Engineer: 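The structure that follows is given in the form of structure tokens.
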Amino acid sequence: MFQVGGLCYFLPMFDLNSLNPQQRQAVEHDSGPLLLLAGAGSGKTRVITCRIAYLLQQRQVPADQILAMTFTNKAAREMRERVEQMIGRKACKGMVISTFHSLCVRILKKHIEKLGYKKNFSIYAASDQQRLVRDLLRDLVADASTKDADRVLWQISEAKNRLISAQNFTPDIHHPDSCLTAEIYPRYQKALKAFNAVDFDDLLMLVVQLFEEYPKVLADYQQRFVYQMVDEYQDTNPVQYRLLRQLSAAQGNLCVVGDDDQSIYGFRGADISTILNFEQDFPGTRVIKLEQNYRSSGHILAAANAVIVHNKKRRAKALWTVDGQGEKVEYLLCEDDEDEARQVMERIHTERFKRQLAYGDFAILYRTNSQSRSFEEQLRYEDIPYVLIGGQQFFDRKEVKDLVAYLKVLVNPFDEVNLLRILNYPKRGIGGTSADLLIRLSAETDRPLWDLLQQCSEIEGLTPRAAQAVTDFVDLLKRFRRRFSRPLQMVETLRELITELKLEEELYRQENDPQKARRRIENQAEVVNAMASYLQRDSEPSLNGFLERVSLLDDENIGRHDKEKKLAQDAVTLMSLHSSKGLEFPVVFLVGMEEETLPHKKSIYETFDIDEERRLCYVGMTRARQQLVLLGARRRRRYGRLAQRDPSRFLTEIPDEVMLRLSSEVPRESSESDKEKMADSFFAGISSLLGD
């Protein structure tokens, strides 16, 4: 109950008795650092949301003193919704549940001027970064390619995640491109600042810098966020870890939830030592293990435990369940990759009728996306509906990026990467020669490109036709900048911008196939829908706010939540092991259980670190609720030829008492007509797949 203006309001209550003993201990933990080691399927999200509700309702902690962080917008949204369902929306007002990047955007919007930026800074997406680095590379390497830019960007990102600034970056002899990166990194940062822009890694790095250089700002946030909670803590990288240490230093009430056995994002910079060393880094830590599993049957858990226990650097724990042993895990050794796909199809048909399951109850998991080909072909041949998770993201599509580039420039005309993108799109008579002249003059005079565009009539060498096109372009931007300053009319203004630019005609001109053109037009229309949805949800909408939301979207929150829509269909799911984390299915086929596939050959021969591969296998196994089938092949095609394969070492770690080991019968040789039918069926749908 709480009181406002003499009136009493009764809040909904949640039942602590519904939690198991370890979960309840975690929820009722009072103060000081807390480490929750939450195994797969142990109800960790429920625990963290119950803990927030408990602090708000039972401990009477003000909502604005609570900060909860996770790694995806979808997870943050679901966490907030669960807490609101438990205790009511009013009681949650002021509480901050967000991703690391969203929190840092919020902080930088208030304080970035202290670091020499303007408040209306742009957030560069991967495509913007790539274009900028490619331009910088061409000053040093005449034939620089997109791949060169990607390699340099990867090293810059890795350095930022380890809090290594451009000034402190030193070449690494193990990375041949690092000398080039040492040249580009300082220029890249200087260009970003000149454009009043930051990249995703800067969002975190700049906040850490802000807190170090302005202790008073840090102290204000330390006093505000008395309780901090972090989900998926095993996935934090060094810069996220430093940020958490800064925020929690004064109060010490840091609660982290994670599972070192599910740390599978080392390639993104995640550092497993953050969870393994938590007690040393935060003295007085209380450790609670959540080992009761609410997802999988006993035999599946026993098999998964038997695999993961072979990792040396891990916290000892073992999942268990009260729901019975269930069916044994099966290992099926197939003749080749085509036989592997056929065996999966047969099992799908059998299990559908045996268990009365839907197609959506099945998932095929693999180590690399290239493994999906044979399964897609067989699914089409069998006329089985399926969804492939991991396609191109909505806001990465060219026609969408072109439209969003206009919006970014309307907010920040000094954003030169996006300004150059739209300078002659659609074509308006500003050709490559004119653009090069403007870019060169901007560099030589150290003047922003936007300033030059506004004074184009004074530029020697610019033809009257090009000068008039630039003037019209500048007038258009100024006019729509004024119109977008009226937030409630943004959707109508965006429609008018699309019409005035004649983008529909441009897309029809670009595409020979009218169907593809229509799909691209629909994608631009979806941006309008996204803006309309944003206006409905945000109490203080702005064009800058919409762009921040677009920039922070992750692959689980794209467009109309494409991934959620796909998983909601009655169709077999195909996805990589990395994409499967956090999901569950009644029946899982974990395919490619061979040396050099799982574990991957890179881990065997280059990094000599099998631990993360074993964790990937563990994650895949624990996605299954009722039945887990492991498959491998005696031979597999590589560059068109069949090569002998050895069973994965992880199979030898599973005891016979929990796993049945089977071999498929040698299949009859497919006739030429069979092969032609399968090929026709597969390739008939390729064009539609590529267009999606």
Side-chain angles (χ1 to χ4, degrees), residues 101 121-162 164-166 169 175-206 237 239 267-269 369 390-409 411-412 414-425 432 435-436 438-439 442-443 449 510 520 523 527 547-548 550-555 558:
H101 289 93
F121 62 92
S122 297
I123 302 172
Y124 271 17
S127 56
D128 300 326
Q129 296 174 257
Q130 186 188 76
R131 183 169 181 172
L132 176 56
V133 169
R134 197 167 60 239
D135 290 342
L136 294 170
L137 276 170
R138 284 171 181 160
D139 293 337
L140 300 176
V141 184
D143 59 346
S145 66
T146 299
K147 289 184 178 180
D148 295 326
D150 287 341
R151 286 195 294 267
V152 169
L153 271 174
W154 180 83
Q155 290 187 17
I156 291 175
S157 178
E158 187 182 50
K160 289 183 178 183
N161 286 332
R162 290 184 285 124
I164 299 174
S165 66
F169 183 87
H175 293 286
D177 298 317
S178 62
C179 289
L180 190 58
T181 302
E183 290 277 345
I184 294 296
Y185 189 2
R187 302 182 188 200
Y188 172 70
Q189 288 304 114
K190 183 179 179 181
L192 282 177
K193 198 161 189 178
F195 302 159
N196 195 36
V198 299
D199 62 25
F200 278 92
D201 299 316
D202 283 331
L203 293 175
L204 277 67
M205 198 172 179
L206 287 174
N237 60 30
V239 67
F267 67 98
R268 293 182 186 170
N369 287 318
Q392 189 181 31
Q393 296 181 358
F394 178 78
F395 282 98
D396 278 341
R397 296 168 185 171
K398 180 183 182 301
E399 62 275 12
V400 175
K401 289 193 292 187
D402 290 335
L403 179 56
V404 171
Y406 269 95
L407 302 182
K408 289 182 177 181
V409 172
V411 168
N412 176 15
F414 296 97
D415 177 349
E416 293 196 3
V417 166
N418 284 296
L419 186 57
L420 287 169
R421 184 184 188 101
I422 64 173
L423 186 61
N424 199 38
Y425 176 80
D436 289 342
L438 292 165
I439 294 168
S442 174
L449 181 60
Q510 290 178 359
R520 297 180 68 189
N523 287 336
V527 178
L547 291 173
E548 286 171 2
V550 168
S551 296
L552 293 170
L553 283 174
D554 49 70
D555 65 339
I558 300 296

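Quantities reported herein were computed from a predicted structural model and do not represent experimental measurements.
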Engineer: So that I can tick it off, tell me whether Asp135 and Arg138 are bridged by a salt bridge, with the cut-off set at under 4.0 angstrom between side-chain N and carboxylate O.
Structural biologist: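 So Arg138 pairs with Asp135 through a salt bridge.
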Engineer: Within a strict 4.5 Å, meaning less than it, do heavy atoms of the Leu153 and Tyr188 side chains meet?
Structural biologist: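 Counting from C-beta outward, Leu153 and Tyr188 do come under 4.5 Å.
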Engineer: Does the side chain of Tyr124 come within less than 4.5 Å of Asp415's, by heavy atoms?
Structural biologist: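 Result yes, sub-4.5 Å side-chain heavy-atom pair found.
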Engineer: Side chains of Arg421 and Tyr406, heavy atoms from C-beta outward: is any pair under 4.5 Å?
Structural biologist: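 The answer is no, as the side chains (C-beta and beyond) never meet within the 4.5 Å cut-off.
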Engineer: To the nearest 0.5 Å, what is the distance between CD1 (Ile184) and CZ (Arg134)?
Structural biologist: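 Taking CD1 in Ile184 and CZ in Arg134, the distance rounds to 13.0 Å.
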Engineer: Are Asp128 and Lys408 ion-paired here, with the side-chain N under 4.0 Å from a carboxylate O?
Structural biologist: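 Result for this pair is yes, salt bridge flagged.
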Engineer: Working to the nearest 0.5 Å, report the span between CZ of Arg131 and CG of Leu136.
Structural biologist: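 Interatomic distance, Arg131 CZ to Leu136 CG, rounded to 0.5 Å: 12.5 Å.
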Engineer: If you round to the nearest 0.5 Å, how far is CD of Glu158 from OG of Ser178?
Structural biologist: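 Ser178 OG to Glu158 CD: 10.5 Å, rounded to 0.5 Å.
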Engineer: Got Met205 and Ser165 here, is their nearest side-chain heavy-atom distance under 4.5 Å?
Structural biologist: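 Answer yes - side chains close enough.
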Engineer: Would you compute the distance between atom OG of Ser122 and atom CG of Leu419 and round it to the nearest 0.5 angstrom?
Structural biologist: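 Here the rounded value is 10.5 Å.
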Engineer: Any side-chain heavy-atom pair from Asn418 and Val404 closer than 4.5 angstrom?
Structural biologist: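 SC-SC contact between Asn418 and Val404 ruled out.
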Engineer: Measuring from Ile164:CD1 to Gln155:CD, what's the distance to the nearest 0.5 Å?
Structural biologist: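 Nearest 0.5 Å value for the CD1-CD distance: 11.0 Å.
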Engineer: With a 3.5 Å distance limit and no angle check, can you tell me whether Asp202 reaches the backbone of Asp199 through a side-chain donor-acceptor pair?
Structural biologist: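 Yes; judged by distance alone, with no hydrogens or angles, the pair exists.
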Engineer: Could you go through Leu140 and Arg187, starting from their C-alpha distance and side-chain angles, then the distance that decides it, and tell me whether this counts as side-chain contact (heavy atoms from CB on, under 4.5 Å)?
Structural biologist: CA-CA 11 Å; Leu140 300 176; Arg187 302 182 188 200; 3.5 Å; yes
Engineer: Please find the pair of heavy atoms, one from Leu449 and one from Ser442, that lie closest to each other, and give the distance.
Structural biologist: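 Residues Leu449 and Ser442, closest heavy atoms: N-OG, 3.7 Å.
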Engineer: Provide the closest heavy-atom pair for Asn412 versus Phe121 in the form atom of the first, atom of the second, distance.
Structural biologist: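 Looking at all heavy atoms of both residues, the shortest contact is ND2-C, 4.5 Å.
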Engineer: Would you mind reporting whether Phe195 and Leu192 have side-chain heavy atoms less than 4.5 Å apart?
Structural biologist: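 Heavy-atom side-chain distance check fails, nothing below 4.5 Å.
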Engineer: Hey, does the side chain of Asp201 reach the backbone of Ile156 with a donor-acceptor pair shorter than 3.5 angstrom?
Structural biologist: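 Side chain of Asp201 to backbone of Ile156, a donor-acceptor pair under 3.5 Å: no, none is there.
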Engineer: Using the six-membered ring of Tyr425, assess whether NZ or CZ of Lys398 lies under 6.0 Å from its centre and within 45 degrees of the ring axis.
Structural biologist: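 Ring-cation test returns yes.
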Engineer: Test your reading of the model: is there a side-chain donor-acceptor pair from Gln189 to the backbone of Ala166, 3.5 Å cut-off?
Structural biologist: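 Checking the backbone N and O of Ala166 against the side chain of Gln189, no donor-acceptor pair under 3.5 Å is found.
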Engineer: In terms of relative ring orientation, are Phe169 and Tyr185 parallel, tilted or perpendicular, with 30° and 60° separating the classes?
Structural biologist: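 If you compare the ring of Phe169 with that of Tyr185, the planes turn out perpendicular.
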Engineer: Between Arg162 and Asn237, is any pair of side-chain heavy atoms under 4.5 Å apart?
Structural biologist: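 No, too far: nothing below the 4.5 Å cut-off.
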